[in-house]
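Hydrogens, waters and symmetry mates are skipped; everything else that's a heavy atom, side chains included, is used. To find a chain, count down the sequence lines: A is the first, B the second, and so on, and within it residues start at 1.
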Protein chains: 2
Amino acid sequence: MADKKIPKATARRLPLYYRYLRFLYEAGKERVSSAKLSEAVKVDSATIRRDFSYFGALGKRGYGYDVEALMNFFSKTLNQDRLTNVALIGVGNLGQALLNYNFRRNNNIRISAGFDVKDDLIGTIHQGVPIYDINEMVDQLEMQQIDVAILTVPSEIAQEMADKLVKGGVRGIMNFTPIRVTVPKEVRVHNVDLTNELQTLIYFINYYQDFDQKTEPEEDDNPLNDLFYNE
Amino acid sequence: MADKKIPKATARRLPLYYRYLRFLYEAGKERVSSAKLSEAVKVDSATIRRDFSYFGALGKRGYGYDVEALMNFFSKTLNQDRLTNVALIGVGNLGQALLNYNFRRNNNIRISAGFDVKDDLIGTIHQGVPIYDINEMVDQLEMQQIDVAILTVPSEIAQEMADKLVKGGVRGIMNFTPIRVTVPKEVRVHNVDLTNELQTLIYFINYYQDFDQKTEPEEDDNPLNDLFYNE
DNA sequence: GAATATTATTGAAATATTTAACAAATTCAG
DNA sequence: CTGAATTTGTTAAATATTTCAATAATATTC
């Protein structure tokens, strides 16, 4: 099925489309146009149409897109038609929050195993998810055929854990640590770096000026105060 | 450097560079090359040099970059030389995890106020952070001069809370809800959508063979990469 | 059923970003 | 002091992504 070349930027928007289509479906809507979709997901309608067109002709001219059909198409495309089990490595604060987050509720994704080093966690069940000793990780990953993991461990052991994950056959890692781990090229890592995100946001609000607002940058000794960003 | 624009992609990498420079500084390193940096942050060295060059000539040919000087430069650039107070809207599971996350430890960012609707939370202090009634939000935001907020509320009230944040003068919102909120264009929103991230990751491991780990998010980035900007 | 309005599809143009290549500057060894 | 080795800064080329514009198909209206 991995035949066509879908741009990565497009791939990243698919879940967004899927989610809104489900919302429309549940609201009883039968059709939707790229313009309407654009409003909800805040992506230019031309981009949406272009994105969809990579998958073939999904809509009807003069009509728009059939909500149910499109939803089902994306469901398959995003593997939402079968359950994906995910491992949680590191059951600390963030890890436990993610357990509670419950991806399952609206998606066919669930955290099915947790791993930690702490004795008081090992052997317990959190939110219905059993927590194993990290030493059993490679075996359990193989046995349970898990191929996606969420990494929420201290930075110091991030690489070591990534190595174990690879050994256990994991093909995708959602990395919440600030460390850029090294893995074989067939393993995919998505970094979610909360501190980075905040810093970038702060940078943007301080140095981005909206041309439409015609605001002048403040005068100070920072060499960057005359930088502008174009949206 | 004057009247040059910093590409958004570059801006998103700045925190990454900054973090590693601090690591090098603490490890006592005095100089670093773009090649060495590249290895750690997993960004092509040409891209790194290109990124730096937007800010002027920060290095020396044949030598590399002075760790301390560069670190200090980025510290200023990223506003790390002064404390940024951030509000947390919604002190649920994820919100509490973020309180514990403690951005402060390694960065000049701290959550200084929390807001919630729950009576048993209002008036309490979590991780040293006072939790206020959401009804006081607009006033408190103004009074405390907070201009960045983290939004971790149920989807149903995401837009309503965003409106309040705007009213309270907030200029940057890190949005953990799956809703794409509508705000005036001078307010910046970074979306961190955990379910999206997982779905995209799953899509990638199923449909892409060739993983080029160099480009991210948000993104994700972004992460959440979908990191993902209200552009 | 013809006329008009909608709206997807598609090729092309415009932007944005990454990568490659190399001259210029500097270090370093001897 | 000289030449070889490094490594940046920068121009240009290559990729990737978004947006535009022309066209074609379908629906809706009268």
Side-chain angles (χ1 to χ4, degrees), chain A residues 4-14 16-17 21 29-39 41-67 69-70 73 208 211 227-231, chain B residues 1 4-14 16-17 29-39 41-67 69-70 73 200 204 208 210-222 225-231:
Chain A
K4 257 177 275 166
K5 181 79 195 313
I6 308 294
K8 276 178 235 154
T10 295
R12 276 185 236 118
R13 285 187 290 265
L14 299 183
L16 206 55
Y17 300 145
L21 285 166
K29 299 283 184 193
E30 292 185 356
R31 54 185 275 194
V32 66
S33 67
S34 61
K36 210 83 182 91
L37 218 44
S38 171
E39 223 174 278
V41 300
K42 304 268 197 295
V43 172
D44 188 272
S45 66
T47 301
I48 292 179
R49 292 197 299 277
R50 165 64 82 232
D51 282 349
F52 288 3
S53 78
Y54 287 115
F55 297 95
L58 302 178
K60 271 198 234 174
R61 295 167 192 232
Y63 177 88
Y65 300 91
D66 182 274
V67 168
L70 196 56
F73 176 79
Y208 168 89
F211 284 121
L227 300 174
F228 285 80
Y229 291 89
N230 258 321
E231 293 263 345
Chain B
M1 332 155 234
K4 253 188 243 156
K5 283 181 300 193
I6 306 296
K8 274 176 279 192
T10 295
R12 276 181 234 125
R13 285 187 290 265
L14 299 183
L16 207 54
Y17 300 145
K29 299 283 185 196
E30 292 186 355
R31 54 186 272 193
V32 66
S33 67
S34 58
K36 211 83 182 91
L37 218 44
S38 170
E39 223 173 278
V41 300
K42 304 269 196 294
V43 172
D44 188 273
S45 67
T47 301
I48 292 179
R49 292 198 300 279
R50 196 85 178 68
D51 282 349
F52 288 4
S53 78
Y54 288 113
F55 297 96
L58 303 177
K60 270 198 231 172
R61 293 169 194 229
Y63 177 88
Y65 300 90
D66 182 273
V67 168
L70 197 56
F73 177 78
T200 305
F204 270 97
Y208 285 74
D210 169 37
F211 294 151
D212 150 16
Q213 300 284 350
K214 282 174 197 153
T215 40
E216 197 48 48
E218 204 301 292
E219 230 333 36
D220 252 67
D221 275 40
N222 206 163
N225 288 230
D226 143 333
L227 306 191
F228 307 111
Y229 299 81
N230 60 337
E231 52 214 301

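Closest to the side chain of Ala57(A), out of dC28(C), dT18(D), dT9(C), is dT9(C). Closest to the side chain of Ser33(A), out of dT7(C), dT9(C), dT18(C), is dT7(C). When each of dA27(D), dG9(D), dT8(D) is scored by its nearest atom to the side-chain atoms of Ser34(B), the top-ranked nucleotide is dT8(D). The side chain of Asp44(B) lies closest to dT19(C), out of dT18(C), dT19(C), dG9(D).
A 4.5 Å side-chain heavy-atom check between Tyr17(B) and Val43(B) finds at least one atom pair inside the cut-off. Annotation: side chain of Arg13(B) is in contact with side chain of Thr47(B) (closest heavy-atom distance under 4.5 Å).
The shortest distance between the side-chain N/O atoms of Tyr65(A) and the OP1/OP2 oxygens of dT9(C) is below 4.0 Å. Contact check, Thr47(A) against dT19(D): a side-chain N or O comes under 4.0 Å of OP1 or OP2. One finds a side-chain N or O of Arg13(A) lying less than 4.0 angstrom from the OP1 or OP2 phosphate oxygen of dT18(D). Of the side-chain N and O atoms in Arg61(A), none sit less than 4.0 angstrom from OP1 or OP2 of dA22(D).
Going from atom CZ of Arg50(B) over to atom C1' of dT10(D) covers 7 Å, rounded to whole Å. One atom, CD1 of Ile6(A), and another, P of dT17(D), lie 11 Å apart when rounded to the nearest Å. Whole-Å rounding puts the Arg49(A) CZ to dA24(D) C1' distance at 14 Å. If you measure from atom OH of Tyr63(B) to atom P of dG9(D), you get 13 Å, rounded to the nearest angstrom. Atom pair Ile48(A):CD1 and dT9(C):P shows a separation of 13 Å (rounding to whole Å applied). dT17(C) atom C1' lies 12 Å from atom CZ of Arg12(A), rounded to whole Å. Rounded to an integer number of Å, the gap from Asp66(A) CG to dA27(D) P is 12 Å. dT8(D) atom C1' lies 17 Å from atom CZ of Phe55(B), rounded to whole Å.
Rounding to the nearest 0.5 Å gives a distance of 8.0 Å between CG of Asp44(B) and CZ of Arg49(B). Summarising the geometry, atom CZ belonging to Arg50(B) is positioned 14.0 Å from atom CD1 belonging to Ile48(B); distances are rounded to the nearest 0.5 Å.
Taking each heavy atom of Ser34(B) and Ser45(B) in turn, the nearest pair found is O-CB, 3.7 Å.
Each of Pro7(A) and Ala46(B) was assigned the nucleotide of DNA chain D with the nearest heavy atom; the assignment lying further toward the 5' end belongs to Ala46(B).
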